[in-house]
Amino acid sequence: MLLHRNAQLSEKAKQAVQYWLMKSEPDECSIDDVLAAPERRTAWTGVRNYQARNFMRDAMRPGDGVLFYHSSCPEPGIAGLAEVASKAYPDPTQFDRASDYFDPKATRERPRWFNVDVRALKKTRLVPLAELRAHRALAKMWLLRPGSRLSITPVSAAEWRTITGSLL
DNA sequence: GCCAACGTTGGC
DNA sequence: GCCAACGTTGGC
């Protein structure tokens with residue numbers, strides 16, 4: 001019985017859905033753009049920050065929940081819901097000389113940058129950054145840390161519930 | 001366009 | 001390994 005319960009628990013821990021916030025500049029790729037794309041899906045290429053890369057490469061799993069955030073725009077904030085749609089794989093833009101994201105130090109044998117695919121689920125009302133800041137239950141969100149600029153940040157299950165349950 | 005906060009690069 | 005210089009992010 002004890003063994004059985006432990007097995008169930010560890011299985012549950014392994015499969016627990018994780019949550020993320022991913023920033024995108026709407027001029028480049030908005031929630032509408034992804035919803036309009038084939039299979040409502042896009043490759044999250046172009047991330048050139050090691051911490052954000054590591055989240056994708058080492059932690060993200062298909063099915064993880066994603067808050068789709070619009071940044072560097074007139075109304076920064078959460079604009080939609082999405083999910084991780086693939087495991088991480090080498091970002092093809094690092095090998096493309098014509099790409100802004102070309103990295104001369106990356107090789108196919110030793111890729112430096114990875115990305116996942118993201119599938120858009122729905123557009124939501126725009127939840128402005130100021131509203132997130134004002135919400136006490138979100139005080140510890142990574143996004144809201146002073147000076148935080150990371151384009152991919154973890155979201156706790158409690159934060160996810162707060163946002164999807166009472167803000168959207 | 002400003003600027004604060006970070007991250008990266010490269011000389012030493 | 002230090003650290004100054006430079007580049008980038010991203011809200012305002």
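Just so it is clear, the values below take in all heavy atoms, side chains as well, and ignore hydrogens, waters and symmetry mates.
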Can you pull out the residues from residues 90-118 of chain A that lie within a 4.0 Å heavy-atom distance of DNA chain C?
none

So the contacted stretch of DNA chain B, first to last nucleotide with an atom under 4.0 Å from a non-hydrogen atom of chain A, runs from B:dA5 to B:dT8

Whether [X] side chain and [Y] backbone form a donor-acceptor pair below 3.5 Å:
| X | Y | value |
| --- | --- | --- |
| A:Arg112 | A:Asp103 | no |
| A:Ser72 | A:Glu25 | no |
| A:Asp64 | A:Gln18 | yes |
| A:Gln94 | A:Ala106 | no |

Using a 4.5 Å cut-off between side-chain heavy atoms of Ile, Leu, Val, Met, Phe, Trp and Tyr, which other residues end up in the same hydrophobic cluster as A:Val47?
A:Trp20, A:Met22, A:Ile31, A:Val34, A:Leu35, A:Trp44, A:Phe55, A:Met56, A:Met60, A:Val66, A:Phe68, A:Val84, A:Val116, A:Val118, A:Trp142, A:Leu150, A:Ile152

Shared ILVMFWY cluster between A:Ile163 and A:Leu126, side chains joined below 4.5 angstrom?
no

Under 3.5 Å, is there a donor on one side chain and an acceptor on the other for A:Tyr50 and A:Arg57?
no

